[in-house]
Participant: 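The structure under discussion is supplied below as structure tokens; questions concerning it will follow.
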Amino acid sequence: MKAVSRTPMRVAKTPRVHQTTEKQRRDTAEKAKDPVNVFCRVRPLQSDADLTSLRVKNSTTIALNPQDQLLQHHKQNGAQREIQYIFKHVFQSDATQQDVFASVAQPLVENLVRGRNSLLFTYGVTGSGKTYTMTGNLRHRGIMPRCLDVLFRTISDFQAKKFVFKPDKLNGFEILSEEDALLERQQEMNLRFAGSGRFAYRNKDSDPEIASQASVEPTPLLGLDEDNMYSVFVTYIEIYNNSVYDLLEDSGIQKTLQSKIIREDAQHHMFVHGVTEVEVKTVEDALDIFQMGQKKKRMGHTVLNAESSRSHSVFNIRLVQAPTDSQGENVVQDRHNITVSQLSLVDLAGSERSSRTKNTGERLREAGNINNSLMTLRKCLEYLRENQQATSNGFAPKKIPYRESKITHMFKNYFDGEGQVSMIVCINPRMEDYDENMQVMKFAEMTQEVQIARATPMKMDLGLTPGRRKANKLFKIAVNNLNELGIPEAKDLEVDVALVYSLGPDFPTYQMDSPEAEFKIQELMHYLEQRIEKRKRLRGNLDIKCDNFRQMLMNLDRDNMQLRTELASLKAVYKQERDRSSALEKKVRIHESSIDVLNNTLSKRDRQIEELTFKLNEKENLLTQKEHEKEKQKKKFSSKMAVESDKNKRELEIKLRQQREKLHERMRIKDEKLRLVSNILQSEDLPSMPRSQSSEDLLNDKDRGPFTARTESSVPATRTDIYATPRHGVAAANNRHRRSRSAGDKWLEHRAANPVPLGTIMQPFLKNRKSVTKLTDMKTLTEHGANKYCLVSQEADTDGDVETKLYKGNVIPTCGGGAQVVFNDVECLKQKSPVHSPTRKRPSNGTMSAMGVISALPSTVTSVQDVASRCNLGIEGHSSKKTKI
């Protein structure tokens with residue numbers, strides 16, 4: 001959207017008139033001013049039962065009655081008080097859309113054609129008919145489509161080709177050549193075929209509220225300059241929550257619109273930066289563009305209005321015109337000759353009271369922003385009126401807060417500059433809207449006192465023949481007719497529509513026989529004298545122009561010679577630079593080829609490094625795996641060696657103990673024999689030896705070995721001292737002894753001081769037990785009343801796994817007051833590794849022979865011997881000691 005303050009609008013980059021801001025203000029103050037034209041339109045009542053709060057007295061006056069008076073209308077004799085408001089024109093409820101357009105908008109379209117700027121906005125409370133007045137509905141078109149229809153019917157035969165004028169994005173336009181315009185048209189055609197951009201919304205059903213053709217065709221306007229070419233551009237923006245959005249922006253994938261900013265160009269004209277300006281050639285194109293923007297406009301439902309506008313919408317119609325060349329066929333390629341005029345149609349959102357609309361959340365926030373912007377508009381107009389009154393009285397003017405709202409900031413140039421401003425106040429006559437209508441009336445009354453500078457368009461006088469375009473067209477038609485008639489000389493005919501000097505208007509008409517003939521003759525003589533004087537001035541001006549033109553040609557020739565000399569020197573420099581550039585390009589190509597070779601070599605080396613790194617990682621992984629296996633084997637063999645060493649040591653100890661026991665047994669037999677011999681010698685009667693072994697048994701025991709006797713009796717044989725009396729024998733015990741079951745089992749658990757924790761699921765459970773680590777006294781076995789004995793043994797097998805054995809037995813009392821243990825059960829708990837080697841390495845025969853162990857001895861015997869030695873300590877409670885003889 002582009003809002004400007006002067007007419008005609010100029011290109012921002014190269015303004016034709018260079019004036020400062022102070023000078024513009026001074027010129028504006030000196031120009032004639034017109035008040036803001038305020039019209040009033042009354043909406044029909046929705047129901048006949050509704051009460052109205054106003055009365056239309058005539059075509060310019062409305063009377064507003066207070067609510068209390070309406071409620072007491074039955075009092076006929078009471079004093080009638082009412083408030084009257086005067087407008088430029090009042091449209092009653094039966095007024096048609098054509099009546100409103102003809103009185104309000106058609107003069108603004110005429111200003112647009114003549115190069116003047118205009119602003120029209122609708123104002124009122126929500127639901128008062130503002131949008132209906134501006135756009136219309138299915139059966140009755142509003143002001144906007146009617147303005148477009150009249151405009152295109154007026155300039156239909158004088159439109160320029162598309163893209164001859166192109167926006168420069170800085171509130172101005174530039175003129176494209178025929179080739180550039182053709183490229184732009186081809187690009188638009190490609191987008192139309194592809195259905196992208198804004199053409200994605202085309203070829204759909206038009207909005208019936210604006211596309212209706214039910215009205216009468218309007219007549220074209222007069223006063224059009226037929227020697228100009230015209231193009232129409234439209235923009236459509238909205239101001240939502242005090243932010244400016246472009247409704248014609250192609251947002252693409254992004255659904256939300258981006259807010260725009262309002263800027264000021266070089267001539268201090270306000271415009272929306274980056275707004276989309278679309279060139280249209282027909283009314284249908286313009287309505288399609290409007291429909292595309294209407295789909296993005298914010299609408300909402302409230303209690304007072306089913307489709308309430310939640311933003312201010314601004315639809316701008318910009319008419320760009322430029323004179324044609326001497327032949328009247330093409331636009332003069334000079335952007336300084338462009339004249340831009342603008343008609344802004346503003347549909348303001350209605351003011352609301354939250355107590356009536358019951359808005360909450362987002363709707364309440366929207367209503368607050370709408371009311372704030374309308375309040376700022378009212379404040380700016382009030383300050384503007386006070387400043388105009390203060391200036392005439394010599395007081396200092398106030399600063400007008402245009403920037404507090406986007407709507408006032410955008411149209412700042414209309415109020416500070418020049419252009420025609422009109423406003424339609426829409427009124428809902430219901431009694432419920434009395435308070436809101438009162439505020440609207442006060443605002444309208446104040447607005448009519450604001451004065452706006454009258455627009456004075458600048459006509460471009462290029463010295464070209466008026467009517468040249470039509471004359472050239474008629475000449476071509478005549479030439480074509482002559483060619484069809486077969487006249488060959490028609491091709492050589494030329495029409496002179498070049499520069500001319502005009503001596504003034506045509507001679508006035510008169511009649512010699514009229515009563516005023518003498519007066520007419522005097523007027524004609526005066527007119528001839530003026531023409532003769534004007535001709536002299538024109539001739540003098542022509543001589544001056546010829547001399548100036550001759551001097552200009554001489555200067556141009558001199559400048560041409562200088563430029564030729566400079567061109568020759570520049571050509572020589574250009575040739576040197578071109579040769580130097582060629583040499584540099586060759587070097588660059590050589591270096592580029594070298595760089596390519598180096599890059600290829602580098603990539604090969606990188607691939608080789610990657611391959612070697614991969615292989616190195618594999619080797620390191622293999623090496624690490626082998627190291628782990630080596631450590632595992634080392635630990636395994638270390639445990640096996642420790643087990644074998646302990647085993648060999650135990651076997652040697654057992655062997656040594658066996659040898660000692662054999663010697664002790666032999667000594668005992670000898671001592672016994674000596675004792676028997678001594679007794680025989682001392683006495684003739686041999687004492688009886690109850691429970692004593694004979695010499696033959698002792699000899700047999702010598703042959704069988706000590707482990708056989710211990711294994712069969714489950715209790716190691718007690719040692720008989722050779723110095724004991726013959727009356728003492730071995731303590732007797734009953735192996736069939738059974739304790740009462742009602743007393744329960746009491747266990748005596750004999751285990752190591754620091755046992756290895758068991759990792760098995762099944763754990764040994766002994767109810768009512770007592771654990772001991774040493775068994776050196778018989779009292780430990782008998783004083784607790786234990787009837788069960790358990791010996792816990794832990795050792796490592798050949799694979800290094802822990803093996804736990806539980807030797808269980810019954811504690812049987814003896815006749816001597818002691819006790820003996822009879823073993824009857826062995827439990828083995830063992831954990832194995834899931835990855836251990838199934839093969840076992842057994843010691844060779846040579847190794848065992850070297851250690852002094854008999855090779856034929858089974859492993860089970862060795863194990864039994866080991867257990868027997870442990871049980872000896874556990875059962876007897878003390879280790880065997882040699883008795884000194």
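In this text the structure is predicted, and so the values were computed from the model without any measurement. Index from 1, following the sequence.
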Participant: Apply side chain to side chain contact (heavy atoms under 4.5 Å, CB included) to residues Q658 and E653 and explain how you reach the verdict.
Facilitator: CA-CA 8 Å; Q658 289 176 356; E653 289 179 355; over 6 Å; no
Participant: Show your reasoning for whether side chain to side chain contact (heavy atoms under 4.5 Å, CB included) applies to E651 and K655.
Facilitator: CA-CA 6 Å; E651 289 178 354; K655 185 65 176 177; over 6 Å; no
Participant: Search all heavy atoms of E803 against all heavy atoms of C828 and return the closest pair with its distance.
Facilitator: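 Heavy atoms of E803 and C828 come nearest at OE2-SG, 3.2 Å.
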Participant: Looking only at side chains, do N369 and N241 share a donor and an acceptor under 3.5 Å apart?
Facilitator: yes
Participant: Which heavy atom in K406 sits nearest to a heavy atom in N242, and how many Å separate them?
Facilitator: N-OD1, 3.1 Å
Participant: Do Y245 and S259 come within less than 4.5 Å of each other through their side chains, counting heavy atoms only?
Facilitator: yes
Participant: So does R263 have more than 12 non-hydrogen atoms from other groups sitting under 6.0 Å from CZ?
Facilitator: no
Participant: Scan side-chain atoms only and decide if Q294 and Y236 contain a donor-acceptor pair under the 3.5 Å cut-off.
Facilitator: yes
Participant: Just verifying a value: how many Å separate K788 NZ and N768 CG, rounded to the nearest 0.5 Å?
Facilitator: 13.0 Å
Participant: Is L656 close to R660 at the side-chain level, that is, under 4.5 Å between some pair of heavy atoms?
Facilitator: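 Counting from C-beta outward, R660 and L656 do come under 4.5 Å.
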Participant: Determine the minimum heavy-atom distance between N824 and G809, stating which atoms define it.
Facilitator: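 Smallest heavy-atom distance, with atoms named: OD1-CA, 3.7 Å.
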Participant: Closest heavy-atom contact between C790 and K808?
Facilitator: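 Nearest heavy atoms, C790 then K808: SG-CG, 4.3 Å.
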Participant: Find the distance between OG1 (T624) and NZ (K619) and round it off to the nearest 0.5 Å.
Facilitator: 13.0 Å
Participant: At their closest point, which heavy atom of K297 faces which heavy atom of E238, and how far apart are they?
Facilitator: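 Looking at all heavy atoms of both residues, the closest pair is CG-OE1, 3.7 Å.
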Participant: With the side chain counted from C-beta on, respond yes when R657 and E661 share a heavy-atom pair under 4.5 Å apart, and no when they do not.
Facilitator: yes
Participant: Contact between Y789 and F823 at the side-chain level, heavy atoms closer than 4.5 Å - yes or no?
Facilitator: yes
Participant: For the CD atom of E827 and the CG atom of L829, what is their distance to the nearest 0.5 Å?
Facilitator: 6.5 Å
Participant: Pick one: which of V275, L257, I237 meets side-chain contact (heavy atoms from CB on, under 4.5 Å) with L247?
Facilitator: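 Option passing the side-chain contact (heavy atoms from CB on, under 4.5 Å) with L247: L257.
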Participant: Quick one: does any side-chain atom of S594 pair with a main-chain N or O of I590 as donor and acceptor, under 3.5 Å?
Facilitator: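 Side chain of S594 to backbone of I590: a pair is present.
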Participant: I want to check something: taking the side chain as every heavy atom from C-beta on, are R668 and H664 in contact at a cut-off of under 4.5 Å?
Facilitator: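 Answer no - side chains too far apart.
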Participant: Taking side chain as C-beta onward, heavy atoms only, is I262 less than 4.5 Å from H273?
Facilitator: no
Participant: Using side chain to side chain contact (heavy atoms under 4.5 Å, CB included), reason through Q186 and N190 one step at a time and then give a plain yes or no.
Facilitator: CA-CA 6 Å; Q186 183 65 32; N190 295 335; 3.6 Å; yes
Participant: What distance separates E629 CD from Q633 CD, expressed to the nearest 0.5 Å?
Facilitator: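 E629 CD to Q633 CD: 7.5 Å, rounded to 0.5 Å.
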Participant: Quick one: which of H750, R751, E749 gives a side-chain hydrogen bond (donor to acceptor under 3.5 Å, both in side chains) with S771?
Facilitator: E749
Participant: At their closest point, which heavy atom of A753 faces which heavy atom of T773, and how far apart are they?
Facilitator: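 Scanning both residues, the minimum pair turns out to be CA-CG2, 3.8 Å.
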Participant: Do R605 and E610 have side-chain heavy atoms sitting under 4.5 Å apart?
Facilitator: no
Participant: Using a strict cut-off of less than 4.0 Å between a Lys/Arg side-chain nitrogen and an Asp/Glu carboxylate oxygen, indicate whether K296 and E249 qualify as a salt bridge.
Facilitator: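 No, K296 and E249 are not salt-bridged.
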Participant: Would you say that N810 contacts V821 through its side chain, given a criterion of any heavy-atom pair below 4.5 Å between the two side chains?
Facilitator: no
Participant: Can any side-chain N or O of S638 pair as donor or acceptor with the backbone N or O of K634 at less than 3.5 Å?
Facilitator: yes
Participant: With rounding to the nearest 0.5 Å, note down the distance linking CG in D246 to OG1 in T276.
Facilitator: 4.0 Å
Participant: With rounding to the nearest 0.5 angstrom, report the OG to OH distance, S373 to Y240.
Facilitator: 13.0 Å
Participant: Looking only at the side chains, is there a donor atom on one of D745 and N787 sitting less than 3.5 Å from an acceptor on the other?
Facilitator: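 Side-chain D/A pair, D745 to N787: present.
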Participant: Has the side chain of T601 got a donor or acceptor atom that lies under 3.5 Å from a matching backbone atom of V597?
Facilitator: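 Flag set: sc T601 to bb V597 pair under 3.5 Å.
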